[in-house]
Structure formats: structure tokens, C-alpha cells
Amino acid sequence: MTGSQLLNYPATDSPFRSPNSHSIQLPSVAMTSPIPPLSQAATVTSPQLPLALWPPLDFALGSLSCCGACVFTNPLEVVKTRLQLQGELRARGTYQRHYRGVVQALWVVGRTDGLRGLQKGLSAGLLYQGLMNGVRLGFYSYCDAVGVTAAPGGSLMSGAIAGALGAFIASPAYLVKTHLQAQTVEAIAVGHQHNHQGVSSAFANIYWREGVVGLWRGVNGAVPRVMVGSATQLATFSSTKEWVAFLQWYSPNSWLVALTAACISGVAVTITMTPFDVISTRLYNQPVDEHHSGRLYQGFSDCLVKVCRTEGVLGLYKGMGPVFFRLCPHTILSMLFWDLMRQRAFQDVLNQSRREEDIQSILDDNGS
């Protein structure tokens, strides 16, 4: 499976077309239909066809696609953060449960914090999504273009490395996002309350209190979280889509093929990533002492042991419901936006190349 196969479809059909299509043959005249996606275009023999987009452009498209998805799924991210912090390091039944499920938690947050409360941390979330997924998808596209993903295990390895790079670079934004999403009124507060006044003040407070290193607090939990999630998502979505198409549950052009594949992929990502997500949230949100050390956890392994010891193994799966309901639409929206924008960019590049070829042909004819 290659990264460009995530949404592999013929240009004249639905963007959710199943990937069992035939090779595209480019006519010698100017293109009259949209350019096929990268996975198909790369198989066509054409000296003018680029193998990859300009890296900064690929970064921007990956950022925009996931930012667009973030706007719709941020309320579930708020709820997920609250559920994962609820009852921190306390045995079941020994604490008050303000949040009891996805729907009830959304209602509690909306009733108490207002509709704006459901979009807490959105600015930091957009910054995180833009940085992390711009790097992740851009790096994965580059690995696909140079053929790394075609090697055995190359897709998993590329997805994991891409996720690690994105998580490290965007870690400060995730730190601030977690702090802001956990903040609420005392009546429904869970976890430590940092009481930031906004995104810029949060960055400033953390920097002046802990220095540059403090902005990367919790990165040791974020890197394995995104590595696992990225590798699972990129490696399962395409193969699951092919499997659903092979079973012929829907017509080949149906958008339900990709929807079903995204839901199945979302289950796999949720199961594998939720424990890492819980640990990451706890490490990011914990208070620090005068020596800038975490008051609750010393690191990833310490957090894992303490959560299992005090909350049980199921404590690692707190917030699993909203994680799933966020991942499914986020996977569909981000992958669809990314593929459509890359397809359009590829079309513009190829059209420009063909215009230059036509001009050169005219000049050659005039010269002869």
C-alpha cells in the first residue's frame, strides 16, 4: 500500500471510487478531464508528469486538509480530554463523574461553558493539525514518491517516522491545546487547571516559567502516540477499502465504500492509539514543581504503571468513545480534502507543463 492509494479513484468518477480501477492513458492533446491522483499518474509514462508535488505545496495541502477536518471534530476532542483526565490516579467509584459518555459530556460542556466551550482550544488545535499533519502527510508523500513505501514494511515504517516527526515539531501546540481544553468552571473541572487567558498567553506563561524545554513537555508521550496512530491509519485505510470493494457491498462508485473503510480503520486506530492518547494527555496536563519536573508522572513508563495500578487497565481506555467518533469523520474529511487538493494541484502542474510544451513546439515549428 502506498500513501497515494489512500483515496485512489478515476478522475471521472466519485472521489470515493474503489481502488480497483484500470490504468489511465493520457492523450497526446491537451487534457480535457481532471488529472488522476498521484498513485495512478505515477504509473503513466509521460516525460512531463512530475513524480511529486513541490514539498512546500504538499506541506500546505496536508495542513489545510486536516485543519478543515479539525473545525468539525474539535468538540469531540474537548470531550475526549475531559474524560481522560476524569478520576486521574483514583480508583473507580472514589470520585465524582461529571462526564458519563459522549452525548452527555457534550451536553454538560455546552450547558456549562456555552457553545464556545465546545470549541475550546480550537486555535491551538488548528496550529497543531497544520504543523503535525503538514509534516506527516508531506513526508509520507515524499517517501511514496521516491519508492520507500513500495518496499516490504515500507508503508508502516514511513507512516511511523512521518508521525514521529510531525508529533515532535507540533508538540508545543498540542501542549497548549490540552491545557485550554481541560480548563473549565470548578463545578465540572477535572485534572489540573492551568488557568491560561488564551493561546498566546499560554505559550508565554509556559516559556517564562519553564523555558523552551517546557514547551516540549509531554513530547515523550506524544511521539509514540502519533507513531502508532499514523502507521495504523495509513496502513489500514487503503487495504480495508480494497477489501470492502472486493466484497461488493456497494456499487463501485459509492461513497459508502470509503465511509465503511474509514469506520473500520477508525476502530483499529482507536484500539491501538487510545492508551497512548490517555498517557499523552496526562503528561501534557500535569502540573510541574519548582524544578520544572512533573508532579504526578516522571515520564511515559511511570505514567503507564501508575494509571494501571490505580485505575486498572481500563483506565488506559478512558475517552475511547469520543476518540472513535472523532477519528472516523476526521479520517474521512482530512483524507478527502488532502486528496482532492493534491489532485487539483497536480492538474495545474501538468497543465502548465503541457502549455510550456505547446509553446516550445510552436517555437520549434517557426524556427524550422
Side-chain angles (χ1 to χ4, degrees), residues 56 59-60 62-64 66-67 70 73-74 77-78 80-82 84-85 88 119-139 160-184 189-230 273 276-304 306-307 319:
F59 173 90
S63 297
L64 288 173
C66 293
C67 285
C70 177
T73 60
N74 190 66
E77 186 75 9
V78 173
K80 180 214 73 172
T81 300
R82 304 280 180 87
Q84 290 176 342
L85 293 173
E88 185 172 15
Q119 288 289 11
K120 280 192 173 182
L122 178 61
S123 297
L126 291 173
L127 179 60
Y128 169 73
Q129 291 290 337
L131 287 174
M132 193 274 285
N133 285 297
V135 173
R136 183 176 75 98
L137 297 179
F139 180 82
I161 295 175
L165 288 174
F168 181 82
I169 293 173
S171 184
Y174 196 92
L175 173 68
V176 171
K177 177 188 75 70
T178 302
H179 287 187
L180 294 176
Q181 290 178 337
Q183 286 184 190
T184 185
V190 292
H192 182 72
Q193 300 291 292
H194 294 270
N195 299 318
H196 298 302
Q197 299 304 310
V199 176
S200 58
S201 65
F203 278 111
N205 291 339
I206 296 170
Y207 173 76
W208 289 116
R209 186 175 64 246
E210 305 176 51
V212 175
V213 176
L215 292 172
W216 268 266
R217 176 171 304 283
V219 71
N220 54 336
V223 169
R225 167 187 174 271
V226 180
M227 285 181 68
V228 170
S230 178
M273 197 174 77
F276 296 90
D277 201 35
V278 171
I279 293 173
S280 179
T281 299
R282 300 285 181 88
L283 290 176
Y284 273 123
N285 195 67
Q286 70 170 330
V288 297
D289 58 23
E290 61 277 8
H291 302 293
H292 309 316
S293 298
R295 292 182 180 274
L296 301 178
Y297 315 104
Q298 299 303 312
F300 184 91
S301 299
D302 183 56
C303 182
L304 174 65
K306 285 182 177 178
V307 170

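What's counted below: heavy atoms across the whole structure, side chains too, no hydrogens, waters or symmetry copies. When a residue number appears, it is its place in the shown sequence, counting from 1.
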Tell me if a side-chain donor or acceptor on [X] pairs with a main-chain N or O of [Y] at a distance below 3.5 Å.
{"X": "K177", "Y": "L127", "value": "no"}
{"X": "E210", "Y": "L215", "value": "no"}
{"X": "R282", "Y": "Q84", "value": "yes"}
{"X": "Q286", "Y": "H192", "value": "no"}
{"X": "Q298", "Y": "R295", "value": "no"}
{"X": "R82", "Y": "Q183", "value": "yes"}

Specify the closest pair of heavy atoms between [X] and [Y], including all atoms of both residues, with the distance to one decimal.
{"X": "H196", "Y": "L180", "result": "CB-CD2, 3.9 Å"}
{"X": "S63", "Y": "G134", "result": "OG-CA, 3.4 Å"}
{"X": "A167", "Y": "M132", "result": "N-CG, 3.8 Å"}
{"X": "E88", "Y": "G191", "result": "OE1-CA, 4.0 Å"}
{"X": "L283", "Y": "C303", "result": "CD2-CB, 4.1 Å"}

Report the distance from atom [atom1] of [X] to atom [atom2] of [Y], rounding to the nearest 0.5 Å.
{"X": "F59", "Y": "L64", "atom1": "CZ", "atom2": "CG", "result": "9.5 Å"}
{"X": "L131", "Y": "I169", "atom1": "CG", "atom2": "CD1", "result": "7.5 Å"}
{"X": "Q193", "Y": "L85", "atom1": "CD", "atom2": "CG", "result": "8.5 Å"}
{"X": "Q119", "Y": "L126", "atom1": "CD", "atom2": "CG", "result": "8.5 Å"}
{"X": "Y128", "Y": "L122", "atom1": "OH", "atom2": "CG", "result": "15.0 Å"}
{"X": "F300", "Y": "N220", "atom1": "CZ", "atom2": "CG", "result": "8.5 Å"}

Exercise. Could you go step by step and tell me if L137 and C66 meet the side-chain contact (heavy atoms from CB on, under 4.5 Å) rule?
Worked result: CA-CA 10 Å; L137 297 179; C66 293; 4.0 Å; yes

For this session: Go through the steps to decide whether T281 and Y174 satisfy the test side-chain contact (heavy atoms from CB on, under 4.5 Å), and finish with yes or no.
Result: CA-CA 9 Å; T281 299; Y174 196 92; 4.3 Å; yes

Close side-chain approach of [X] and [Y], heavy atoms under 4.5 Å:
{"X": "V223", "Y": "S171", "result": "no"}
{"X": "N285", "Y": "H194", "result": "yes"}
{"X": "H292", "Y": "V213", "result": "no"}
{"X": "R217", "Y": "I206", "result": "no"}

Problem set entry | Donor on one side chain, acceptor on other, S280 and R225, under 3.5 Å | no

Exercise. Just checking, is any N or O donor in the side chain of Q181 or N74 under 3.5 Å from an acceptor N or O on the other one?
Worked result: yes

Problem set entry | Criterion side chain to side chain contact (heavy atoms under 4.5 Å, CB included) against Y284, the qualifying member of T81, V176, L175 | L175

